[in-house]
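Throughout, protein chains are lettered first and strands after them, A, B, ... in sequence-line order, and every chain is numbered starting at 1.
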There are 2 protein chains.
Amino acid sequence: MPLEKELGLKEPIATSEHEAVLNIYYTASLLKKCADDFFRDFGLTDVQFNVLALIEYQSGSAGGLTQAKIGEMMLVNRANITSLIDRMEKSQLVERTADTDRRTNIIKMTAKGKKLFTKVEPLYLKQVRQVMSPVDKPEQKKIITVLEKIRMGLSEDTMKNFKE
Amino acid sequence: MPLEKELGLKEPIATSEHEAVLNIYYTASLLKKCADDFFRDFGLTDVQFNVLALIEYQSGSAGGLTQAKIGEMMLVNRANITSLIDRMEKSQLVERTADTDRRTNIIKMTAKGKKLFTKVEPLYLKQVRQVMSPVDKPEQKKIITVLEKIRMGLSEDTMKNFKE
DNA sequence: AACAGATTGTATATATGCGAACTATCTTGT
DNA sequence: ACAAGATAGTTCGCATATATACAATCTGTT
């Protein structure tokens with residue numbers, strides 16, 4: 001079904017460029033809902049799973065990551081990380097540990113967190129493969145390239161001079 | 001900059017399929033942030049702008065939309081719409097009006113809302129064109145097609161049998 | 001007409017997102 | 001060594017998302 005139909009847009013405000021933007025939003029939103037559904041049964045959210053994945057694969061010598069680093073890699077404001085880690089600590093998936101820099105916490109997975117991640121990761125990857133199965137490799141390459149181009153159009157400098 | 005680099009993924013959990021999914025999320029998230037920044041200066045959020053656009057272009061004979069219809073078109077739970085319309089009513093952009101079906105509210109733009117929408121819409125479309133300018137029309141068509149294919153992989157039936 | 005079932009909007013609890021302001025701490029320049 | 005500035009994490013107020021439960025109302029079947 002074409003997107004305009006699905007969104008009920010009889011007469012979109014829209015240009016074809018706008019339609020492409022809506023399409024990206026919409027697909028990302030459905031992918032996120034789908035991932036959230038998937039993770040819910042494991043007592044996780046997709047954001048929490050991403051934190052575990054980052055700790056698993058991106059930990060440096062410290063064996064964990066600072067909250068600032070997690071925020072940076074997840075592209076979210078560091079203010080979010082406080083409550084996110086609070087919740088994950090409450091469900092005993094991660095723990096805050098001290099660092100030589102007394103301003104920072106090193107976030108590490110607990111045994112429980114590690115065990116859950118090890119169990120969920122392969123199932124998640126299987127699901128991702130399934131979702132992407134209608135799209136062949138050249139097409140995957142193509143969207144990655146095109147989306148990169150769009151992000152170039154989002155650079156700070158470009159984003160000025162649009163308000164009168 | 002390639003996405004893995006930007007996200008700091010030395011060793012992503014990732015398959016190439018997963019990279020494509022990350023790419024979609026990431027681009028949508030940046031587009032949304034960018035739109036939010038844009039609308040903030042007008043005292044709007046992107047979600048609120050979308051509500052105004054839906055009322056402007058999708059109103060039936062009633063001259064407005066029910067909350068359920070807005071939720072359906074924006075693909076969000078109708079429970080969100082209550083507080084969203086509360087805020088928009090508070091800033092006098094829309095108003096709830098009575099319907100013959102006493103369960104429903106008809107949401108209409110106020111004069112103030114209409115005036116703001118008329119002012120902001122062309123500026124927004126100009127911004128969208130600018131953001132999409134590095135991508136030519138055939139490429140726009142291509143991503144729309146590919147994203148549609150991905151959504152097909154998200155259908156209910158496909159989404160089962162992934163949890164052991 | 002009456003009852004069962006669907007639908008609408010609301011309320012609540014929870015999980016994210018943002019910006020701004022704050023404290024504690026580290027770093028840097030003099 | 002010390003003041004100025006940068007950085008990390010927290011807290012606040014807000015906007016948005018979810019699922020769930022509920023009351024009011026409509027609709028369809030008998």
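Atom-to-atom, CG of A:Asp36 to C1' of D:dA19 comes out at 12 Å; the value is rounded to the nearest Å. Distance, B:Phe39 CZ to D:dT16 P: 12 Å, rounded to whole Å. Rounded to whole Å, atom C1' of D:dT10 lies 13 Å from atom CD1 of A:Ile107. When the C1' atom of D:dT7 is taken as reference, atom CG of A:Asp99 falls 13 Å away, rounded to whole Å. To the nearest angstrom, C1' of D:dA17 lies 18 Å from CD of B:Glu72. In this structure, the CD1 atom of A:Ile85 is 14 Å from the P atom of D:dT11, given to the nearest Å.
A:Ser91 comes within 4.0 angstrom of nothing in the nucleic acid, heavy atoms only.
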Practice item. For the pair B:Ile55 and B:Ile107, evaluate side-chain contact (heavy atoms from CB on, under 4.5 Å) and give the outcome as yes or no after the intermediate values. Key: CA-CA 8 Å; B:Ile55 296 174; B:Ile107 311 301; 3.9 Å; yes
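Following chains of ILVMFWY side-chain contacts shorter than 4.5 Å, one can reach B:Met74 starting from B:Val120, so the two form part of one hydrophobic cluster.
Classification of the B:Tyr124-B:Phe38 ring pair by plane angle, with boundaries at 30° and 60°, yields tilted.
The existence of a salt bridge linking A:Arg40 and A:Asp37 is confirmed by a sub-4.0 Å separation between a basic side-chain nitrogen and an acidic carboxylate oxygen. Comment: B:Asp136 does not engage B:Lys142 in a salt bridge, judged by the lack of any side-chain N to carboxylate O separation of less than 4.0 angstrom.
Of the possible polar contacts, none joining the A:Glu121 side chain to the A:Thr118 backbone as a donor-acceptor pair under 3.5 Å is found.
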Check your understanding: If the sugar-phosphate is the primed atoms plus P, OP1 and OP2 and the base is the rest, what is the B/S/- string for nucleotides 8-17 of chain C, using protein heavy atoms under 4.0 Å?
Key -> BBBB---SBB
